[in-house]
Amino acid sequence: MARTTFTGPVKSNNGFEGNVTGNVTGNVTGTVTGVVTLPTYTVANAPSASANARKLIYVSNGAAGSPVVAFSNGTSWLRCDTLAAISAT
């Protein structure tokens, strides 16, 4: 497969196939295969939930001190396992 470097927005009307490395910003639709790396935060430094609705983060101490994946409902960061708000205690 050839390597191509793009600058600016890239749009595909028939889908995109290949590997993406680096940071992806904007909306991603379709199926993601492979490993997804979430940004890591603690409860104390988690970003604003209201500014990050429908986004996922990894909270290293968000399940009473244990790690957990959380999502923002636009108001709070909620644990994916119990839907409780993240908490270090």
Handout entry: Contact summary for Val69 and Leu56, nearest pair of heavy atoms
Key = CG1-CD2, 4.2 Å
Exercise for the section: Can you see which heavy atom on Gly62 is nearest to which on Arg79, and at what distance? Expected result: O-CD, 3.7 Å
Exercise for the section: Name all residues meeting the side chain to side chain contact (heavy atoms under 4.5 Å, CB included) criterion together with Pro39; count only those two or more places apart in sequence or in a different chain, and write none if there are none. Expected result: Tyr41, Ile57
Handout entry: Closest non-hydrogen atom pair, Ala70 against Ile86
Key = CB-CG2, 3.7 Å
Handout entry: Pairing residues for Asn52 by the side chain to side chain contact (heavy atoms under 4.5 Å, CB included) criterion, not counting sequence neighbours
Key = Pro47, Lys55, Trp77
Completion exercise
Residues Ala53 and Gly74: closest non-hydrogen pair is CB-CA, 3.8 Å
Problem - Spatial distance of atom OG1 (Thr89) from atom CG (Asn61) [nearest 0.5 Å] - result: 9.5 Å
Problem - hydrophobic_cluster_shared for Leu78 and Tyr58, side chain cutoff 4.5 Å - result: yes
Exercise for the section: Heavy atoms only: give me the nearest Ala49-Ser72 pair and the separation to one decimal. Expected result: O-OG, 2.6 Å
Practice task
Taking all heavy atoms of Val43 and all of Ala88, pick out the closest pair and write down the distance.
Solution key: CG2-N, 3.7 Å
